[in-house]
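Quick notes on the structure that follows.
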Amino acid sequence: MEIVVSWSAADIPGQRGRTAVVTGANGGLGLETARQLAAKGAHVVMAVRSQEKAAAAVEEIRATAPDAALELVALDLASQASVRAAAGQIMAAHETIDLLINNAGVMGIPEAKTVDGFEMQFGVDHLGHWSLTALLLPALLRAPGSRIVTVTSTAHHMGRAVDPANPHLRGRYRPWRAYGQAKLANFHFGLGLQRELERGGAGTASLIAHPGLSNTDLQAVSVRETGGGASQRFFLFAARRTGMTAADGALSQLRAATDPAAKGGEFYGPRFVNSGPPVRKPIVRRLGLDKAIAALWEVSERETGIAIDVRAASAA
């Protein structure tokens with residue numbers, strides 16, 4: 001594990017001339033990520049579901065960075081059609097993409113289905129980002145030194161690898177079981193994607209990050225969606241009392257995205273598990289990792305109908 005722990009937003013290199021796509025950029029970690037990248041000169045594509053909230057986020061960023069280059073794209077990760085439309089719009093506007101931050105997600109909600117019939121947490125947190133990443137891959141591969149950062153959670157430790165026979169937990173749903181599976185899928189996706197990039201000889205890097213316990217809208221939405229569930233209220237209380245600010249929580253994904261020393265396949269998170277400055281973390285749970293990644297690839301391709309093919313994307 002890394003010894004140097006003093007990394008902060010001041011260490012983000014200049015991003016002028018670079019294009020970054022951030023999902024869920026209208027609030028919480030996504031908003032802070034967009035804010036910092038824009039402040040450093042990046043053109044930030046804010047891919048968000050709520051355009052009303054996104055417009056307010058744009059105004060908030062421009063209040064402190066009037067010259068921020070911001071672009072709004074409608075993206076509902078619970079709809080594969082919306083993901084395809086958003087990716088098409090982004091690809092039409094940008095020949096290259098330097099950063100993709102797969103940040104958006106839902107947490108600990110009652111059982112629900114996406115419009116495509118996927119379990120909502122797995123569908124939004126993983127399958128939506130799987131398709132978006134695959135569809136944007138040609139533009140990412142055209143940008144030297146591009147990076148894809150997928151945001152997971154410490155909850156991945158309580159998750160089980162996706163079961164190809166029942167990826168949507170039919171008959172087995174529990175809010176935190178589903179969340180753990182979704183965040184472990186994010187973990188496996190980031191690592192598996194790096195393997196695919198290396199096999200394809202690509203210069204693009206895939207990294208993973210987690211924000212620790214950060215006080216964002218995520219916990220409040222979780223409480224609201226469950227009608228005040230006890231465990232959801234506990235995490236909301238903990239986040240408000242002891243959690244990091246969204247600005248501090250976003251530093252792990254910002255470091256993964258921008259630190260020149262960061263490399264593909266690395267994992268960044270707070271120094272003290274759920275709090276502290278961002279550092280490189282060890283990759284644990286290696287037993288069964290290959291099998292779990294293979295299962296995730298099988299399920300993701302089957303459910304979305306979209307394959308991640310680095311060589312084909314390079315030729316596109």
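A donor-acceptor pair under 3.5 Å is absent between the side-chain atoms of Asp116 and the main chain of Phe118, judged by distance alone. A donor-acceptor pair under 3.5 Å is absent between the side-chain atoms of Asn103 and the main chain of Leu29, judged by distance alone. Side-chain atoms of Ser131 do not come within 3.5 Å of backbone N or O of Gly128 as any donor-acceptor pair. Side-chain atoms of Asn26 do not come within 3.5 Å of backbone N or O of Gln51 as any donor-acceptor pair. Listed for the Arg147 side chain is a donor-acceptor partner under 3.5 Å among the backbone atoms of Ala256. Here the side chain of Thr96 pairs no donor or acceptor atom with the backbone of Ala143 at under 3.5 angstrom. In this structure a side-chain-to-backbone donor-acceptor pair under 3.5 Å is missing from Arg177 to Leu169. Remark: the backbone N or O of Gly27 is not paired with any side-chain donor or acceptor of Lys53 at under 3.5 angstrom. Checking side-chain atoms of Arg311 against main-chain N and O of Arg199 turns up a donor-acceptor pair under 3.5 Å.
Between Ala261 and Glu266, the closest heavy-atom pair is O-OE1, 4.3 Å. Contact detail for Ala47 and Val21: the closest heavy-atom pair is CB-CG1, 4.4 Å. In this structure, Ala54 and Leu72 approach most closely via the heavy-atom pair CB-CD2, 3.6 Å. Across all non-hydrogen atoms, the minimal contact from Asp98 to Pro144 is OD1-O, 4.5 Å. Scanning both residues, Trp297 and Gly192, for their nearest heavy atoms gives CH2-C, 3.4 Å.
Counting non-hydrogen atoms of neighbouring residues, nucleotides and ligands closer than 6.0 angstrom, the CZ atom of Arg142 exceeds 12 such neighbours. Shown here is Arg16, whose CZ atom has no more than 12 heavy atoms of other residues, nucleotides or ligands within 6.0 Å. When the shell of 6.0 Å around CZ of Arg160 is examined, it contains 12 or fewer heavy atoms from other residues, nucleotides or ligands.
Classification of the Phe267-His210 ring pair by plane angle, with boundaries at 30° and 60°, yields tilted. Ring orientation note: the planes of Trp130 and Phe189 are tilted relative to one another, at an angle of 30° to 60°.
Between Leu197 and Leu141, the closest side-chain pair of non-hydrogen atoms falls below 4.5 Å. Between Leu184 and Leu296, every side-chain heavy-atom pair lies at or beyond the 4.5 Å cut-off. Between Ser300 and Leu127, some side-chain heavy-atom pair lies under the 4.5 Å cut-off. Side-chain atoms of Val151 and Asn186, non-hydrogen and from C-beta on, never get closer than 4.5 Å to each other. Glu298 is not listed as a side-chain neighbour of Val162, based on a closest heavy-atom distance of 4.5 Å or more. Looking only at side-chain heavy atoms (C-beta outward), Ser252 and Pro270 come within less than 4.5 Å of each other. With contacts defined as side-chain heavy-atom distances shorter than 4.5 Å, the pair Thr258/Leu37 qualifies. The shortest distance between side-chain heavy atoms of Gln121 and Ile109 falls below 4.5 Å.
A donor-acceptor contact closer than 3.5 angstrom links the side chains of Thr23 and His129. Looking at Glu198 and Gln194, their side chains do bring a donor and an acceptor atom within 3.5 Å of each other. Side-chain contact check for Thr133 and Asn102: at least one donor-acceptor pair (N or O, by modelled atom type) lies under 3.5 Å. Remark: the Glu71 side chain and the His94 side chain contain an N/O donor-acceptor pair separated by less than 3.5 Å.
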Inset, instruction - Give the C-alpha distance, both sets of side-chain angles, the deciding distance and a yes or no for side chain to side chain contact (heavy atoms under 4.5 Å, CB included) between Leu251 and Met244. - result: CA-CA 11 Å; Leu251 289 176; Met244 296 188 293; over 6 Å; no
Legend entry - Thr19/Val45 under side chain to side chain contact (heavy atoms under 4.5 Å, CB included): CA gap, chis, key distance, verdict: CA-CA 7 Å; Thr19 297; Val45 179; 4.2 Å; yes
Inset, instruction - I would like to know whether Val284 and His157 meet side chain to side chain contact (heavy atoms under 4.5 Å, CB included); could you show each step before the answer? - result: CA-CA 9 Å; Val284 296; His157 290 296; 3.8 Å; yes
Legend entry - Asp290 and Arg195: CA distance, side-chain angles, deciding distance, salt bridge (Lys or Arg N to Asp or Glu O under 4.0 Å) verdict: CA-CA 10 Å; Asp290 292 347; Arg195 293 182 179 184; 2.6 Å; yes
Inset, instruction - For side chain to side chain contact (heavy atoms under 4.5 Å, CB included), just list the numbers for Met46 and Leu70, CA-CA rounded to whole Å, side-chain angles, deciding distance to a tenth of an Å, and then say yes or no. - result: CA-CA 7 Å; Met46 302 170 68; Leu70 304 171; 4.1 Å; yes
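Residues Leu193 and Ile283 are members of one and the same hydrophobic cluster, defined by side-chain heavy-atom contacts under 4.5 angstrom among Ile, Leu, Val, Met, Phe, Trp and Tyr.
Going from atom CE of Met158 over to atom OG of Ser153 covers 7.0 Å, rounded to the nearest 0.5 Å. In this structure, Ser50 OG and Asp76 CG are separated by 11.0 Å, a value rounded to the nearest 0.5 Å. Atom CD of residue Glu303 and atom CD of residue Glu301 lie 11.5 Å apart, to the nearest 0.5 angstrom. With rounding to the nearest 0.5 angstrom, the CE atom of Met120 is 9.5 Å from the NZ atom of Lys113. Here the straight-line distance linking atom CZ of Arg172 with atom CG of Asn166 works out to 7.0 Å at 0.5 Å rounding. Note: Leu137 CG to Ile308 CD1 = 7.0 Å, rounded to the nearest 0.5 Å.
No option in His188, Gln181, Lys183 other than Lys183 meets the side chain to side chain contact (heavy atoms under 4.5 Å, CB included) test with His156.
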